[in-house]
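Computed from a predicted model, the values in this text were never measured in an experiment. Residue numbers start from 1 in every chain, and the chains themselves are labelled A, B, ... in the order their sequence lines are given, proteins ahead of strands.
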2 protein chains.
Amino acid sequence: MSAGGGLREVSRRAVQSRIARAAEELFVAKGFEETTVDEIAAAVGMSQRSFFRYFASKDEVVLDRLERLGEELSARLEARPPREPEWDSLRHSFDPIVERLSDPVVREHDRALQRIVHASPRLLAAYLGRLDRLQGSLSDLLLDRAARHPGGETDPVVLRALVGGAFACLQAAMQHCGVEPEVFEPCLDRTMAAMRPVTASAAW
Amino acid sequence: MSAGGGLREVSRRAVQSRIARAAEELFVAKGFEETTVDEIAAAVGMSQRSFFRYFASKDEVVLDRLERLGEELSARLEARPPREPEWDSLRHSFDPIVERLSDPVVREHDRALQRIVHASPRLLAAYLGRLDRLQGSLSDLLLDRAARHPGGETDPVVLRALVGGAFACLQAAMQHCGVEPEVFEPCLDRTMAAMRPVTASAAW
DNA sequence: CGGAAAGTGTCAGTGACTGTCAATCATTGC
DNA sequence: GCAATGATTGACAGTCACTGACACTTTCCG
C-alpha cells in the first residue's frame with residue numbers, strides 16, 4: 001500500500017532522469033540563467049507544463065540529486081555508533097560523498113554541476129537553502145541520539161553549530177577540490193581535523 | 001568628484017528607507033510571497049518601475065540591511081590585532097550584531113525580519129547566499145593577514161572552514177534567540193566556546 | 001535663459017510558474 | 001471485447017518579478 005502506484009514511481013524517475021540529462025547539457029552549453037524552461041521541454045519533447053509536473057522549478061532539476069544525497073547522509077549518521085563523538089559521526093556521514101567523488105567519471109560530472117551552481121547566484125542560494133535544511137535535520141537526529149544515550153551534546157544550539165561547522169569543512173573542501181586538483185578525502189580530513197571542536201572528546 | 005552627486009546619495013537612502021518601511025509593514029501583515037511589488041510601490045506612491053530603481057529585486061528590500069552589516073563586520077575584523085587567534089577575531093567581528101541586539105526596540109524589529117526571512121524558502125536562500133559571500137570575503141581578509149603576520153592559519157581551505165564554523169555559531173545562536181527569549185551574547189559566547197577548534201591556540 | 005543631468009511614469013515584453021479544461025491512454029472489472 | 005476509471009498530457013490563459021525603451025518633467029549650473 002505504498003502511497004500512489006508504486007510501479008509508477010519508476011517511470012517517473014526515468015522521465016526525471018531524461019529531463020535532467022537534457023537540461024544539464026543545455027546548462028553546460030549556454031549557462032543556467034540563459035537556458036529557458038521552454039528550451040529544456042523542447043529538448044525532451046514535452047510541453048512546458050509537463051516539465052513542471054516533473055520538477056517544481058527550474059532549480060529543482062539541478063538540486064534534485066542533492067535531496068537524495070541528503071537522505072543518504074542522514075541514513076549514515078543514524079547508523080553510526082551512538083556514543084561516537086559527534087564530530088566523527090558527522091565525518092563518517094560524509095562518506096557517501098567521498099565515495100561518489102572517488103569515481104573519476106562521477107567526479108567530473110559533479111564538478112560540472114558545481115560550476116553551474118556557483119555561476120548562478122540564484123542557484124547557489126537555493127543550494128545553500130537545501131544544505132541548511134539538511135543541517136537542521138541532522139542536528140535533530142543528533143539531539144535525539146543524545147537524549148537516548150548519555151554523554152552526547154544536549155544543547156541544541158551547540159549541536160546546530162557543530163553540524164554547521166562540519167558542513168563548513170565539507171563545503172570548503174568541495175569548493176577547493178572543484179578548482180584545484182587536490183584529492184578530496186585527505187583535504188576533507190585535514191580540514192575537519194583542524195576544525196575539531198575542543199568539546200568533541202577524542203576518545204570514547 | 002565622488003561618483004555621481006554625493007549629495008544625492010542621501011535622498012536616495014531616504015527613499016529606500018521609506019520603501020523598506022512600507023514593505024516590511026506589508027510583509028508582516030500579509031507575508032513576503034503574498035505581497036506584490038505593485039502593492040509596495042502603491043503604498044509608497046510610486047510606479048513599479050521606480051521601485052526597481054531603488055532596489056534591484058524584492059529580496060533586496062529585506063536583505064539590504066544585511067549588506068551594510070556585512071561591511072561593518074569586515075571593518076571590525078580588519079581592526080583586530082593581527083596576531084590574535086582567528087577564532088577570537090571572528091567573535092569580536094560579531095560585536096556589531098551583539099550591540100544591535102542589545103537595544104530592545106531593534107531586537108524586536110530584527111526578530112520580525114528574521115521571521116519573515118525564515119517563512120519564505122526563497123528569501124532564506126537569498127539570505128544564506130549573502131552570508132556565504134560575506135564569509136568568502138572575511139576568509140580572504142584573514143588569508144591576507146596571515147601572509148603579512150606569521151603565526152596565523154595559511155591554509156585557505158581551513159580558513160574558509162573556520163569562518164564558516166564561526167558563522168554556524170552565529171546563525172545557531174541567532175536562530176535560537178529569535179524563538180527562545182535567551183539573551184543573545186552569552187548564548188553566542190557559549191556556542192563559540194564549545195566550538196573553538198583545537199587549532200586555534202588560546203594564548204598569543 | 002538654455003541645456004545637461006537626474007528622476008519618474010508608461011508601455012511593452014520576457015520568463016518562471018500556476019490553474020483549468022479537454023483529450024488521450026492504460027488499467028481494471030465485467 | 002468494452003465501458004468506467006484514473007493518471008498523464010497539451011493547450012491556453014493568467015499572475016508576478018523584472019527589464020528595456022522612450023517621453024516628460026524637474027533640478028542644477030553656467
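Look at CD on B:Glu33: it is 12 Å from P on C:dC17, rounded to the nearest Å. If you take CD of B:Glu60 and P of D:dT19, they are 11 Å apart, rounded to a whole angstrom. Atom pair B:Glu34:CD and D:dT15:P shows a separation of 17 Å (rounding to whole Å applied). In this structure, B:Gln48 atom CD and D:dA17 atom C1' are separated by 7 Å, rounded to whole Å. For B:Gln16 and C:dT8, the CD to P distance is 11 Å, given to the nearest whole Å. The separation between B:Met46 atom CE and C:dG9 atom P is 7 Å, rounded to whole Å. Atom pair A:Lys58:NZ and D:dC16:P shows a separation of 21 Å (rounding to whole Å applied). If you measure from atom CZ of B:Phe51 to atom P of D:dA17, you get 9 Å, rounded to the nearest angstrom.
Contact annotation: the side chain of B:Cys187 approaches that of A:Val157 to within less than 4.5 Å [non-hydrogen atoms, C-beta and beyond].
Of the candidates C:dA16, D:dA17, C:dG9, C:dA16 carries the atom nearest the A:Arg122 side chain, counting heavy atoms from C-beta on. Checking C:dC17, C:dT8, D:dA17 against the side-chain heavy atoms of A:Phe52 singles out C:dC17 as nearest.
Close to D:dT8, at under 4.0 Å from its OP1 or OP2, lies no side-chain N or O of A:Tyr54. Look at B:Thr36 and you won't find any side-chain N or O under 4.0 angstrom from OP1 or OP2 of D:dC16.
Of the candidates B:Leu73, B:Asp189, B:Leu77, B:Leu73 is the only one forming a side-chain contact (heavy atoms from CB on, under 4.5 Å) with B:Phe94. When each of B:Val117, B:Leu113, B:Leu123, B:Ile40 is tested with B:Phe27 by the rule side-chain contact (heavy atoms from CB on, under 4.5 Å), just one qualifies, namely B:Ile40. Checking B:Glu84, B:Glu78, B:Arg80 one by one against B:Ser89, the side-chain hydrogen bond (donor to acceptor under 3.5 Å, both in side chains) holds for a single residue, B:Glu84.
Looking at which nucleotide of DNA chain C each of A:Arg53 and A:Asp38 is closest to, the 5′-most match is held by A:Asp38.
B:Arg49 contributes a side-chain N or O that forms a donor-acceptor pair with the base of D:dG20 under 3.5 Å.
In this structure a side-chain-to-backbone donor-acceptor pair under 3.5 Å is present from B:Trp87 to B:Met192.
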